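Please read these numbers as outputs of a predicted model, since none were measured by experiment. Residue numbering restarts at 1 for every chain, and letters A, B, ... go by the order of the sequence lines.
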Amino acid sequence: MQHSTPKDIGAINFGLMEPEEYREMSATKIITADTYDDDGFPIDMGLMDPRLGVIDPGLECKTCGQHSGSCNGHFGHIELAAPVIHVGFTKLIRRLLRGTCRECSKLLLTEDERDEFRADIEESRKLSRDLNDVTKAAIRQARKKDRCPHCGEIQYDIDHEKPTTYYEVQQVLTSEYSQRIAAAMQGGEDGERMAPDELAEETEIDLTRINEILSGSFRPRESQRKSIEKALDIDLTEEDTNKLMPSDIRDWFEAIPDEDIEVLGINPERSRPEWMILTVLPVPPVTARPSITLDNGQRSEDDLTHKLVDIIRINQRFMENREAGAPQLIIEDLWELLQYHVTTFMDNEISGTPPARHRSGRPLKTLSQRLKGKEGRFRGSLSGKRVNFSDRTVISPDPTLSLNEVGVPDRVAKEMTQTMNVTERNLEEARRFVSNGPEGHPGANYVRRPDGRRLKVTEKNCEQLAEKVEAGWEVNRHLIDGDIIIFNRQPSLHRMSIMAHEVVVMPYKTFRLNTVVCPPYNADFDGDEMNMHALQNEEARAEARVLMRVQEQMLSPRFGENIIGAIQDHISGTYLLTHDNPRFNETQALDLLRATRIDELPEPSGIDDEGKPFWTGYDVFSELLPNDLNLEFTGTIGEDVIIEDGQLLEGTIAEDEVGEFGGEIVDTITKVYGNTRARIFVNEISTLAMRAIMHFGFSIGIDDETIPGEAQARIDETIDDANDRVEELIEAYERGELESLPGRTLDETLEMKIMQTLSRARDNAGNIADEHFEDDNPAVVMANSGARGSMLNLTQMAGAVGQQAVRGERINRGYEDRTLSHYEPNDLSAEAHGFVENSYTSGLTPREFFFHAMGGREGLVDTAVRTSKSGYLQRRLINALSELETQYDGTVRDTSDTIVQFEFGEDGTSPVLVSSGDDNDIDVDSIADRVLESEFDSEEAREAFVTRKPAPTNLSEHADSRVVDSTEVTSDD
Amino acid sequence: MVDVSQHELVPEHTVLEDDVLEGVLSEYDIDRTDLPKIKRTDAALPDDAEAGDVVKIVRNSRTTDQAIIYRLVVE
Ligand SMILES: [Mg+2]
Ligand SMILES: [Zn+2]
Ligand SMILES: [Zn+2]
């Protein structure tokens, strides 16, 4: 394989290309639209000319002599019979036409104005502002001029008919001038008549002239026209449009002086405006438009080639017609056709222009279509490439894995490889991999000899190959346990969406992950799929391990607290374990801790009545805490949680203690004891919790949401009450006795009062249901501990579902004056506007169900709209911020070195490494205490450090004779 | 008229002396046009600030007590 030397890009210039440059870089002129001759050989100076590059392997390029693969192809060119406009520059062409003189081509600005705009451009450039603002202002200023300030020529308006036609619009004397003047002199319906001599007097034109004008034998001059117009208050002009041919525009632009172009932000050395009018068309190399040979042996040409064929055909016809002296009309038609083909060659999706189509009717994909959009060259091929060494499959949970690990299916592990550099020290290992072959795990798929030859390891050759492997070889071995890979779930909205995991090779087909990493990925197991990327060099692996491993992402940069922690059943588990501080015998206690590092129980918490030792839930839980942890805070259920010296003394362990978003204990352990300790703690707490929940048993059924008949009767009563009260309100409203609330209409007041009444009724029903739930009701446990669900969910299941709303109001839509045809028109009752009296357990009536579906649908639509909106917002934000970078001096700058922040975040701190919130500033004292504590073994050493006095430095021989102040460092010179 | 620069939430804006400015620019190794900008019409600016001046803004910060920002005054 041939290696090309990497090149450094020094600078990129954007500008226009000169026609001469097109010719210079061209390998050949293209003159014939034919591609291949009857024998299948490319025709010379045809569109497939061999000098344009090679596609067929084995053939040599006629221009550079290289083979396909090494030769990138070479441009050719077509000499256009007449100039045509480049569609990409129509706006700029229009601007130049409007801003420059039609006669002398100079910018329609006085010298002073021009210099001012030039200075503005300089200024804008320095401040890296949008130059367009200045150039637009310059053109606006120039357009105001009726006459050229340089040569005095009258300037006309330029009309632009999209995409590529320009007209000059002039106001000229209408051909009906005599009729119009005569009509005006007759006077309108009530206008006065004016005699010719009166007109002559008023306009100061000779009477004989006036008569000549009236008879149509003399065309009034401009000044005469204006005075007649003024005298008679009429308009004697009509619009005359004069089409500007591309050749006219080219001539016009050629005469624009260089100094004037600069004012418009164009560098005249690189881009002359006349180059926007094409006289030569470059022909892309064949490698950019390869032809395909179909199964039946027929050649199928690329869309670009088709387009080029069209251009050449019209070009030839144009030339023939012109030489034959065809009438101007025909020439102009052909010119327009040539313009159309060149236009669609570059962009085939221009509004107002019918797209060029293939014979089958499919629009052709031309240059612009290759680049644009999501599938285009930029977004599809360059920034978003398909990637090797990656896998995607469904995920499923595995609570036995560490949160740092990921279960990788063996079939994936056998496909993904890691490059192993064989040395004397791992030679044995490497040979073992190779001898296992590609089918056995852990095996190898390829080896590379020191001479660079790559050999495939097969079932047949693996044994032999293994013996040949020596130090210096490379072995592409399978993934094995402990390898580090990158794991990702879309949408990747924050940095924790991509984390590094350690591989655990497993049977079956899914990726397995510990449930505690679900929150950062926002993953669940209802069919979610995730991607894995195997890392291919040591640097990447080291970075991934140090920076990206799950445990390093424990704290979220969004809120500076832990994002990983116990979830759902883990929280129910710790709640059951600690809420009533239950007792366990030795077997039970050991069972709870079996999946942790604890293999010996602490001293029993006490001896029970039967004389057997027992351990409390607090003590079991405390085994997982660091021995010197001290914490005191208000916990999930509103009671204080107190931990002293790693011993839980008081409180219930639930969501706010060990949960995912800012669980106090997890957060503290991460910040004080480090990520590794936190990882161990979360792993152990989740296994302990699972053991605990299995010990107690935790299930939920229909009976847990059913309330006794007596309670149901009371709920029915409150609902009836509420209905009565609503009835009263409606009656009061109808009698006109309802008083409106301040700032509300009567109707609004009624609605508000009804809503209030009904929501109170729902709450009351909930409270009644609530009274009948025991504290050990599983739904109550989940709600109280914060594991899942809320009391509202529970009361909706047992009490009443309550008012359904669309857009924050009772349901008001449907039929005219009513929600459903089941109700009387203008029925204001609770029932008719979506109040659901039933609970989910008792079941909804059909009408209630319908209203409930209306309310539910709003929620679904809302989330759908929100995600698409926030996705687009995120894309824009990312694009805007992507080039910002924190520099080594702490500043944040963009790529042009403009400072955005003088210190990252204006304080130079990482939200992950600094713990402070609105309610707690940085606790400097306790941090200092902790550092001192860990730094000094004995109290004396610590004391000595804290109260250390600088020892007197004394280098002088005469020190003894000097008085040295012990608190000050003295120095000798 | 309310003088917003006296409001407690408006940080202090002062025009930099030329010699101090030189020091700032060389510290960050930038031209003054690389600084963030502020409109001359901004109500928080001192009255004598003119386009081309650089102002120093001292903000209170919860984490670092004071955050110092420099801005170039533009039209
Ligand atoms: Mg899902
Ligand atoms: Zn070549
Ligand atoms: Zn002129």
With a 4.0 Å cut-off on N to O distance, would you call A/Arg118 and A/Glu262 a salt bridge? yes
Among A/Ile899, A/Asp897, A/Val900, which has the most heavy-atom pairs under 4.5 Å with chain B? A/Ile899
Measure B/Ile68 against the heavy atoms of chain A and call it side chain, backbone, both or neither at under 4.5 Å. backbone
Pick one of side chain, backbone, both or neither for B/Asp29, based on which atoms fall under 4.5 Å of a heavy atom in chain A. backbone
Could you tell me whether the side chains of B/Arg59 and B/Gln66 share a donor-acceptor contact shorter than 3.5 Å? no
Given B/Asp65, B/Asp31, B/Ile69, B/Leu35, the one with more heavy-atom pairs under 4.5 angstrom with chain A than any other is B/Ile69
In terms of heavy-atom proximity below 4.5 Å to chain A, should B/Ile30 be classed as side chain, backbone, both, or neither? side chain
B/Arg32 versus chain A, heavy atoms under 4.5 Å apart: side chain, backbone, both or neither? neither
Carboxylate-amine/guanidinium contact A/Glu123 A/Lys126, below 4.0 Å: no
Note: B/Val15 and B/Pro46 closest approach over all heavy atoms is CG2-CG, 3.9 Å
Does either side chain, that of A/Thr891 or that of A/Arg893, offer a donor lying less than 3.5 Å from an acceptor on the other one? yes
Checking heavy atoms, do the side chain of A/Glu906, its backbone, both or neither come under 4.5 Å from chain B? both
Taking only Lys NZ, Arg NE, NH1 and NH2, and the carboxylate oxygens of Asp or Glu, determine whether A/Lys145 and A/Glu113 approach each other closer than 4.0 Å. yes
Engaged part of A/Arg129 at the chain B interface, taking heavy atoms whose separation is under 4.5 Å: side chain
Do you see a donor-acceptor pair shorter than 3.5 Å between the side chains of A/Thr135 and A/Arg95? yes
Can you say whether A/Asp907 sits under 4.5 Å from chain B via the side chain, the backbone, both, or neither, judging by heavy atoms? both
